[in-house]
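Throughout, protein chains are lettered first and strands after them, A, B, ... in sequence-line order, and every chain is numbered starting at 1. It should be emphasised that the depicted structure is a prediction, and the values quoted were computed from it without experimental measurement.
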Amino acid sequence: MDKFTRLTAPAAPLNLANVDTDKIIPARFLKTIKRSGLGKSLFADMRYNADGSENPAFVLNQPKYRQAQILVAGDNFGCGSSREHAPWALLDFGIRCVIAPSFADIFHGNCFKNGILPIVLPADVCEQLMDDAAQGTNARLTIDLEKQVVVRPDGEEIHFEVDAFRKHCLLNGLDDIGLTLEHAAAIDAYEAKTPSWKPAINGV
Amino acid sequence: MSRTLFDKIWDAHVVERLEDGTCVLYIDRHLVHEVTSPQAFEGLRLAGRKVRRVDETIAVVDHNIPTDADRLNGINEPESKLQIETLEANVAAFGVPYFPVSDARQGIVHVIGPEQGISLPGFTIVCGDSHTSTHGALGALAFGIGTSEVEHVLATQTLLQKPAKNMLVRVDGVLPPGCTGKDIVLAIIGKIGTAGGTGHVIEFGGEAIRALDMAGRLTVCNMSIEAGARAGLIAPDETTFEYIEGRPYAPKGEDFEKAVAYWKTLPSDEGAHYDKIVVLNAAEIVPQVTWGTSPEAVIPITGTVPDPQAEPDEARRAQLQQMLRYMDLQPGQKIAGTKVDVVFIGSCTNSRIEDMRAAAAVAKGRHVAPGVRVLVVPGSGLVKAQAEAEGLAKIFTDAGFEWREAGCSMCLGMNPDKLTPGQRCASTSNRNFEGRQGPGGRTHLLSPAMAAAAAVTGVLTDVRELV
Ligand code: SF4
């Protein structure tokens, strides 16, 4: 998992509430054997017309947001099914941070597992950030996870809360596997005590 | 302090206990199949990680693979083909041991683990599949995991877990003739419900469990997940040790003796604490059959379909009505005599040689009822070969049953063996959910002997009338 420390990037405004995981990535894209490459299917039903062409009105299709790494969204972002394909699709597109007044629980947890920072801020603050985002590349936001602040284009700092343990994991790029590997010495020691009778699966 | 079988296995596998009680738990055996592993291998690749213990990992194809003799010539469904090819590329790239479809040892992941001596008592065993609970029959702590956890085990040979609670299901007395492990476990689920074991690991004990052979025990533990339990367990005993001795990947000679000495320390101590205890009397069990779309919707073959009007709870009543509608059954009707279109004998619940023998004993000298299709699908290539050597396959084909290649087959609609909408199936598998065996298909769960009885009579039948 990539570390998340400080990020300065354009933010895309997605002023919708209850964006569910089916909207983030529709079910027909789940039959994949990959978790990468899902970025092109991100928001597919809003992003593309029926004939497969891009819908120029959709925010991420506008030139100023094609490089967006931050998403500012409405209430209850990520509700619906528990599919891990939703954060996989966001990440593959390049989104590393989502700011919203609230998130659905499982999606919120899945974001951290995949190196995405979900930030919860009051609705009125989100509206201000939505306005900043509307200025596109002219108004980049900065996210400083260490200091727990969002820096607006005018330099104003907005504090946000984040679980201390999850912050530690993101700052150090530790997914569950990374975390467990911090105990590698203990795993080695455990394996060294393996009883002599335990067979290996060899010679298949 | 007195400890349960579960406590002992757990304690022996804690690598480290973290502050909040989460444990880094060591995993002895990781079984991998084509459906839940692709993203896990991809994750390893993206992070530049290796499989930590290829000598504790085994891969096989089962869910997607067709079960017709033609399958070695290629697979038609593009998505299945891709998943199988991806698994083959992954095991080659990461050096994971693998039984390909051309190998006689190929079969359902939960059949081949015990059959090969890969699953052993006292082990922790995981697989990206909920019916991993099957392996608990050997006295192993075995449970299903998700794709992120598959990747976690591949990379670290451990999982981050918190201990489950202990539940004892004791089945006293002697099981009547015509009843099997399948009838025991269906009766248990009927009694405690599909959420009865939630948060718990169920240890099955008592005279009737001890009397089961290993195949019967595997069937019981297989369906513990259907009772909501995290895993099912049966204490290892002489039946277990006899079953294991001589299997290809089991310890040999002096190592086997050492292993048995350790395995004998595993059964729960006198006075060990269980958070929940349920007791059943085996003598009261009658061959079971499900009537609805949840495994807890089960009745004796002598029984009648329940009447939703008798159910006081409104939500529950609506649920019963929906089940009756889907299954096209009438309240109060006798379940025996219900006409079936298809019979499926197979799945990780009931596809071992003992199951084949039980079905063949009923099929022998009889013939499939007109208009009924019967699929007999052995759990592994080795079960298939043995059944052929014992003359069971001949009994089936003489009776007009289809004798197929090993795989999950009609247990789930993921390969070409599917029910068509409205078809009614007597099935030895473990889930009767809506559409599980194919969209619109109707499933009645029962034992292999009961399935064979339905095959030759064309209706759900009390097998005791045929023997
Ligand atoms: S036989 Fe059925 S339950 Fe068993 S592993 Fe295959 S699909 Fe799952």
So what's closer than 4.5 Å to chain A heavy atoms on B/L159: side chain, backbone, both or neither?
neither
Specify which of B/Y249, B/F99, B/F256 makes the most heavy-atom pairs with chain A at under 4.5 Å.
B/Y249
Any chance CZ of A/F165 has more than 12 other-residue heavy atoms, nucleotides or ligands included, within less than 6.0 Å?
no
So, A/E84 and B/S148: side-chain donor and acceptor under 3.5 Å apart, yes or no?
yes
Pick one of side chain, backbone, both or neither for B/V54, based on which atoms fall under 4.5 Å of a heavy atom in chain A.
backbone
Are the side chains of B/E42 and A/I33 in contact, using a 4.5 Å heavy-atom criterion?
no
Once rounded to the nearest 0.5 Å, what's the spacing between atom OG1 of A/T194 and atom CG of B/D28?
8.0 Å
Does a side chain donor of either B/E16 or A/Y190 reach within less than 3.5 Å of an acceptor in the other side chain?
no
Which bit of B/A259 comes within less than 4.5 Å of chain A, counting heavy atoms only: side chain, backbone, both or neither?
both
The reported gap from CD in B/E151 to CG in A/D175 (rounded to nearest 0.5 angstrom) is 7.0 Å
Measuring only between side-chain heavy atoms, which start at C-beta, is A/I201 closer than 4.5 Å to B/Q116?
no
Using a cut-off of under 4.5 Å on heavy-atom pairs, state which of A/N202, A/L179, A/D2 scores highest against chain B.
A/N202
Straight-line distance of B/E149 CD to A/D176 CG, nearest 0.5 Å:
8.5 Å
Under 4.5 Å from a heavy atom of chain A, the part of B/S37 involved
neither
For each of B/R52, B/E257, B/E56, tally heavy-atom pairs with chain A at distances under 4.5 Å, and name the one with the top tally.
B/R52
For the CG atom on B/N76, are there more than 12 heavy atoms of other groups (residues, nucleotides or ligands in this structure) within a distance under 6.0 Å?
no
In terms of relative ring orientation, are A/W197 and B/W263 parallel, tilted or perpendicular, with 30° and 60° separating the classes?
perpendicular
What do you reckon, is CZ of A/R66 surrounded by more than 12 foreign heavy atoms closer than 6.0 Å?
yes
Taking atom CG of A/N18 as the centre, does the number of heavy atoms from other residues, nucleotides or ligands within less than 6.0 Å exceed 12?
yes
Taking the six-membered ring of B/F123, is NZ or CZ of A/K198 closer than 6.0 Å to its centre and within 45° of its axis?
yes
Return the option, out of B/K252, B/E34, B/R53, with the maximum number of heavy-atom pairs under 4.5 Å with chain A.
B/R53
B/Y262, part contacting chain A, at a heavy-atom distance under 4.5 Å:
side chain
Contacting region of A/N114 [heavy-atom separation from chain B under 4.5 Å]:
neither
Spacing of CG belonging to B/L82 relative to NZ belonging to A/K34, to within rounding of 0.5 Å:
8.5 Å
Check each of B/T156, B/V153, B/L160 against A/I177 using the side chain to side chain contact (heavy atoms under 4.5 Å, CB included) test, and report the only one that passes.
B/T156
Among B/H13, B/Q83, B/Q39, who wins on heavy-atom pairs under 4.5 Å with chain A?
B/Q39
Proximal component of B/A12, with respect to chain A [non-hydrogen, under 4.5 Å]
backbone
Matching residue for A/H183 among B/T158, B/V15, B/L18 - test: side chain to side chain contact (heavy atoms under 4.5 Å, CB included)
B/L18
Within a reach of under 6.0 Å around CD of A/Q67, are more than 12 heavy atoms found that belong to other residues, nucleotides or ligands?
no
